[in-house]
Undergrad: 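Okay, handing you the structure first.
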Amino acid sequence: METPALYWDRMLSSTLSPARRQSQLILSCLTLFLLILPLTLSKPGLPVVLKADEAAFYLASLSLWHDGDLVCEDQDVRRLFREYAGTDNLLLMSKGRRQPVYFSIPITYPLIATPFVALFGANGMVTLNAALLMAMVWMGFAYLRRFNDEVDSALFAAGFFLLSTAFVYMFWLQAELLNMTCVMTAFFLMTRAVDEPGLSAERQPSSQHLGRTRFVRHRLPLHAAGSAAMLAIACYSKPMLAALGLPILFLLVKARSWRSLVSFAAAGLLTVGALVGTAYALTEQVWPYFAPRFGTSVSSPVDYMQRRVDPRIPKAPSDSAASQITRSGRQLKVTMATVLKESTPEFLFGRHGGFFIYMPFAVLSILFFLLRERRCVFRWLILLSAVLTAALFVMLIRGQWLGGGGFVGNRFFTAVYPCFLFLVRRLQPSWLITLGFVGAAVFLGPLLITPLGALVTHPTLQAHVRNQPFPQLPLEWSLARNLSGYRQISLPDASLHGRRDEIMAQNEEIWIQGAKRVEMNLLSPHQDQSFVFDVRNLAPGNTIEICLLNDCRQLNFDDDLPGTGGKKRLVFEPQHVNKIPRSAWGTDVYRYPLVVTSEWGEQPLWRGSGSERFYLGAALAFLGTPKDLARDLHPVEWLKVEAPLSMDASNTVTVPIILRNASTHLWPGSGATQVKVSYHWLRETGDPVIWAGRRTELPDHIAAGQEVEMDVLVDTPEVAGSFILVFDLIRERINWFSAVDEEQAYRVPVEVVVPDAG
């Protein structure tokens with residue numbers, strides 16, 4: 001008797017070719033693997049926190065399931081802590097104080113994800129994303145096998161989606177894969193209604209030949225409606241994706257099927273209307289980006305409930321995304337050429353989101369297109385629509401076109417990625433497919449191996465760029481403020497930008513990681529400026545090379561004894577400096593590449609957090625420019641010094657003082673060369689007892705002619721006697737004011753006595 005398994009095996013064997021059976025079996029096994037994988041994870045991402053917009057999407061789905069609304073209330077925040085320890089960025093919106101507070105995200109993804117979240121929590125969202133990802137793989141396979149070998153089609157379709165940032169976003173609780181699937185489905189439906197003669201294995205007897213393209217008449221209206229509906233869902237999240245409708249409209253116009261055009265327009269309008277109506281019913285807003293949005297940090301349910309009594313919502317509408325787009329649109333005519341010129345190289349080759357870097361199979365698709373399909377107008381329009389969408393992202397949301405502060409690769413442009421698959425028909429020569437796998441291995445390896453997040457020091461979403469060859473690629477300077485893997489250290493009239501794991505600020509110094517080559521950038525509002533550094537070393541026998549632009553200096557610390565901390569001073573006068581895009585920084589900022597390479601390092605004694613360690617190769621103190629250091633800051637007027645004439649030995653005394661900056665320059669109150677108040681203890685003969693006393697910082701920068709009132713703490717000598725207490729100012733790392741002019745110090749005779757034991 002024939003079993004059901006044998007029956008289905010016989011049926012499949014009779015209807016499918018061996019190659020087709022093998023391809024579908026491979027994709028089926030891969031689908032099962034990716035659908036089951038999320039259910040085995042304790043948490044869907046590392047570090048175990050909600051990043052970017054994830055908190056709002058996840059809590060919105062939970063709220064829809066449990067409460068049937070999108071109002072953020074106390075119980076919604078409590079649900080957050082069942083799986084996560086709070087969030088730093090819960091996106092909310094409201095019309096004003098005392099008004100309901102709603103989750104501020106497009107509603108499409110939470111509506112679809114709700115049943116998955118109800119069954120499996122946050123892992124249910126990852127399961128949904130896995131299903132969407134594999135649905136795109138299957139659609140890509142079904143499209144390509146019309147023109148190619150079954151195995152080649154399966155290989156290219158799987159590589160196209162799985163060896164890209166789409167695989168990473170499978171583990172994110174956000175709408176990226178939903179938007180991708182909508183775009184993929186829109187193009188897939190339209191190409192299913194087109195039979196391209198000479199290539200397709202199937203012939204449609206009801207098709208009508210138009211030029212070199214056959215349109216399946218009975219399919220066209222239905223497929224046009226489905227395509228418009230899918231594209232409308234994606235556009236509701238990202239309106240710039242509407243540009244992708246250009247090639248679809250071209251096919252409909254070419255087919256001269258007005259019924260299909262009406263179906264396309266009606267389906268799109270009905271879908272948008274349904275989404276707008278549903279959004280208004282749930283949030284009192286037709287689109288979340290029209291409302292005043294704000295992100296709030298939630299560290300505990302109690303913390304949120306206490307602040308919810310009087311929520312921190314602006315009385316007037318904030319600068320919403322819609323207003324930013326409107327303002328950008330008004331400025332578009334003036335800034336378009338500048339913005340595109342500045343951002344296009346970064347968009348294509350940037351180390352954090354470059355198109356050629358993170359979408360190798362899209363680049364391969366363009367290559368196949370140029371080799372075999374360059375005469376096809378439809379596919380030229382696909383490429384044009386992708387370029388137009390990219391330009392709209394860059395121009396309308398300048399400064400965050402990669403995806404704001406939370407992204408891996410180009411998060412916003414990920415939705416456009418599927419349309420590149422339809423640039424391809426024939427995968428010939430088939431050996432070119434290997435180039436896609438090579439590109440993925442070179443650039444995406446760390447992401448594909450650790451899609452949940454790399455376990456590294458100072459983990460960030462962009463930790464993978466610490467590997468080769470990313471440091472050789474250009475940094476996206478127009479987006480530098482949104483790169484979470486970096487830190488910017490403020491300096492006097494400048495700043496230093498570098499990787500978070502390689503540099504840190506400590507005691508007015510910049511600590512540089514040892515035994516490696518560390519790349520940084522000195523940012524200054526001034527062009528062709530000179531800079532002075534003090535370089536301190538803790539490792540005996542260390543060699544430190546410092547290059548500012550093309551000026552390289554090598555420092556040898558062979559003669560330093562252990563623990564002495566050798567120090568040397570360098571003056572750089574760089575030329576031909578680079579300018580950072582004005583569109584991102586609002587003003588001209590000049591970039592001076594700074595590279596520090598140390599042979600060795602040493603573990604310094606410092607008050608780090610927890611078990612954190614820092615292998616110090618060099619400590620840099622930025623002193624400013626030679627012109628800054630040459631300024632005469634030394635004239636000072638001591639208006640009042642209330643120092644007692646008698647003090648106890650081994651004691652600390654508070655001395656109120658008032659002084660005036662009598663110079664014509666600012667006294668810096670911070671930085672490596674800041675001005676501080678200190679003192680010397682001298683014997684009556686003038687011999688020093690305590691030369692450099694306790695330092696007291698100025699309350700702020702002191703302008704020329706400005707008075708300052710402050711308390712100075714003075715430590716008295718350990719022995720009794722007659723002394724002279726000399727109040728003095730010091731410009732750190734430069735000189736004492738009295739060393740330039742003795743008259744700038746203030747002297748007080750003091751009798752130091754031994755306190756009465758009684």
Side-chain angles (χ1 to χ4, degrees), residues 488-496 505 507-510 522-536 546 548-549 551 553 567-575 577 587-592 594 619-639 641 657-680 691-710 712 726-747:
Q488 192 160 311
I489 300 174
S490 296
L491 303 171
D493 203 26
S495 62
L496 192 73
N507 297 330
E508 305 298 343
E509 289 182 327
I510 302 153
L522 191 62
L523 309 180
S524 171
H526 306 295
Q527 187 178 14
D528 296 332
Q529 190 172 2
S530 300
F531 300 102
V532 182
F533 292 92
D534 271 354
V535 184
R536 187 168 63 91
I546 301 180
L548 190 65
L549 286 179
D551 187 1
R553 313 286 181 84
K567 184 186 299 182
K568 298 183 180 182
R569 181 161 296 181
L570 294 177
V571 179
F572 290 95
E573 297 182 357
Q575 302 293 329
V577 68
T587 184
D588 289 339
V589 177
Y590 297 94
R591 178 173 66 91
Y592 299 81
L594 177 65
L620 269 62
F622 177 75
L623 307 186
T625 69
K627 183 178 179 180
D628 294 333
L629 302 185
R631 289 172 180 164
D632 185 9
L633 310 182
H634 309 101
V636 55
E637 292 183 23
W638 300 88
L639 302 180
V641 178
I657 68 169
I658 301 177
L659 50 80
R660 176 187 291 121
N661 179 359
S663 74
T664 57
H665 303 285
L666 177 87
W667 286 351
S670 61
T673 62
Q674 63 182 296
V675 175
K676 296 179 182 178
V677 180
S678 187
Y679 54 87
H680 319 291
W691 175 250
R694 184 196 294 244
R695 287 161 164 77
T696 302
E697 294 186 357
L698 299 176
D700 202 349
H701 299 307
I702 307 301
Q706 181 181 349
E707 296 181 6
V708 59
E709 183 175 355
M710 56 191 298
V712 177
V726 182
F727 287 95
D728 199 355
L729 271 64
I730 180 174
R731 190 176 186 189
E732 293 287 3
R733 303 176 187 273
I734 306 300
N735 55 27
W736 292 90
F737 281 31
S738 62
V740 178
D741 184 358
E742 293 183 355
E743 299 300 323
Q744 304 307 322
Y746 188 91
R747 292 168 172 77

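All values derive from a computational prediction rather than experimental measurement. We're numbering straight along the sequence, starting at 1.
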Undergrad: If you count the non-hydrogen atoms of other residues, nucleotides and ligands that lie under 6.0 Å from CD in Glu743, is the total more than 12?
TA: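 Counting neighbours around CD of Glu743, 12 or fewer heavy atoms of other residues, nucleotides or ligands fall under 6.0 Å, so no.
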Undergrad: Heavy atoms, side chains only, cut-off 4.5 Å: are Val675 and Ile702 in contact?
TA: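 No. Closest side-chain heavy atoms not under 4.5 Å.
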Undergrad: With a 4.5 Å limit on heavy-atom distance, are the side chains of Val577 and Gln529 in contact?
TA: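 Side-chain contact under 4.5 Å: no.
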Undergrad: Going by side chain to side chain contact (heavy atoms under 4.5 Å, CB included), Tyr746 matches just one of Val726, Val641, Val636. Which one?
TA: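 Of Val726, Val641, Val636, side chain to side chain contact (heavy atoms under 4.5 Å, CB included) with Tyr746 is met by Val641 alone.
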Undergrad: More than 12 heavy atoms of other residues, nucleotides or ligands under 6.0 Å from CD of Glu573: is that the case?
TA: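 Open.
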Undergrad: State the NE2-CD1 distance between His680 and Ile730, to the nearest 0.5 angstrom.
TA: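 Rounded to the nearest 0.5 Å, the NE2-CD1 separation comes to 8.0 Å.
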Undergrad: Quick one: CZ on Phe737 to OG on Ser678, what's the gap to the nearest 0.5 Å?
TA: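 That separation rounds to 12.0 Å.
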Undergrad: With a 4.5 Å heavy-atom cut-off, do Arg569 and Asp534 have their side chains touching?
TA: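 Touching, per the 4.5 Å side-chain cut-off.
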Undergrad: Within this structure, what is the CH2-CG distance for the pair Trp638 and Leu729, rounded to the nearest 0.5 Å?
TA: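 The CH2 atom of Trp638 sits 5.0 Å away from the CG atom of Leu729.
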Undergrad: For residues Leu523 and Gln488, report the shortest heavy-atom separation together with the two atoms involved.
TA: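 Scanning both residues, the minimum pair turns out to be CD1-OE1, 4.0 Å.
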Undergrad: Any chance you could measure Leu594, atom CG, to Phe572, atom CZ, to the nearest 0.5 Å?
TA: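 Spacing of CG (Leu594) from CZ (Phe572) equals 7.0 Å.
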Undergrad: Take Ile489 and Phe622 through the test side-chain contact (heavy atoms from CB on, under 4.5 Å) and record every step on the way to the result.
TA: CA-CA 11 Å; Ile489 300 174; Phe622 177 75; over 6 Å; no
Undergrad: Please lay out, stage by stage, how Arg553 and Val535 fare under the test side-chain contact (heavy atoms from CB on, under 4.5 Å).
TA: CA-CA 11 Å; Arg553 313 286 181 84; Val535 184; over 6 Å; no
Undergrad: Could you report the tightest heavy-atom contact between Lys676 and Arg695, atom names first, then the distance?
TA: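 Taking every non-hydrogen atom into account, CD-CB, 3.9 Å.
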Undergrad: Measuring from Arg631:CZ to Thr625:OG1, what's the distance to the nearest 0.5 Å?
TA: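 Between atom CZ of Arg631 and atom OG1 of Thr625 there are 6.5 Å.
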Undergrad: Any side-chain donor-acceptor pair under 3.5 Å between Asp728 and Trp736?
TA: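 No pair is found: no donor N or O on one side chain lies under 3.5 Å from an acceptor on the other.
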Undergrad: Judged by atom type as modelled, is there a donor-acceptor pair below 3.5 Å linking the side chain of Asn661 to the main-chain atoms of Ser663?
TA: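 Between the backbone of Ser663 and the side chain of Asn661 there is a qualifying donor-acceptor contact (under 3.5 Å).
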Undergrad: Heavy-atom count around Glu742 CD within 6.0 Å, excluding the residue itself: above 12?
TA: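 Open: at most 12 neighbouring heavy atoms sit under 6.0 Å from CD of Glu742.
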Undergrad: Decide side-chain contact (heavy atoms from CB on, under 4.5 Å) for Leu491 and Leu522; before the verdict, give the C-alpha distance in whole Å, the side-chain angles of both, and the deciding distance to 0.1 Å.
TA: CA-CA 9 Å; Leu491 303 171; Leu522 191 62; 3.7 Å; yes
Undergrad: When you check the gap from the basic side-chain N to the acidic O, do Arg733 and Glu508 get nearer than 4.0 Å?
TA: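 Salt bridge between Arg733 and Glu508, a charged N being under 4.0 Å from a carboxylate O: no.
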Undergrad: Where is the tightest heavy-atom contact between Pro574 and Ser530, given as atom of each residue plus distance?
TA: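 So the minimum-distance heavy-atom pair works out to CD-CA, 4.3 Å.
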Undergrad: Please report the shortest heavy-atom distance between Asp632 and Pro635, naming the atom on each side.
TA: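 The answer is OD1-CD, 3.6 Å.
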Undergrad: Report the C-alpha distance between Ser738 and Gln744 in whole Å, list the side-chain angles of each, state the deciding distance to 0.1 Å, and finish with yes or no for side-chain contact (heavy atoms from CB on, under 4.5 Å).
TA: CA-CA 6 Å; Ser738 62; Gln744 304 307 322; 5.7 Å; no
Undergrad: Please find the pair of heavy atoms, one from Val740 and one from His634, that lie closest to each other, and give the distance.
TA: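 So the minimum-distance heavy-atom pair works out to CG2-NE2, 3.4 Å.
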Undergrad: Does any part of the side chain of Pro668, heavy atoms only, come nearer than 4.5 Å to the side chain of Leu633, both counted from C-beta?
TA: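 A side-chain contact exists here, since the closest heavy-atom pair is under 4.5 Å.
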Undergrad: Rounded at 0.5 Å granularity, tell me how far CH2 in Trp667 sits from CG in Leu659.
TA: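 If we round to the nearest 0.5 Å, Trp667:CH2 and Leu659:CG are 5.0 Å apart.
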Undergrad: Give the minimum heavy-atom separation between Pro626 and Val571, together with the two atoms involved.
TA: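 Heavy atoms of Pro626 and Val571 come nearest at CG-CG1, 4.0 Å.
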Undergrad: Determine whether a donor-acceptor pair (N or O, by modelled atom type, separation under 3.5 Å) exists between the side chain of Tyr679 and the backbone of Arg694.
TA: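 Yes.
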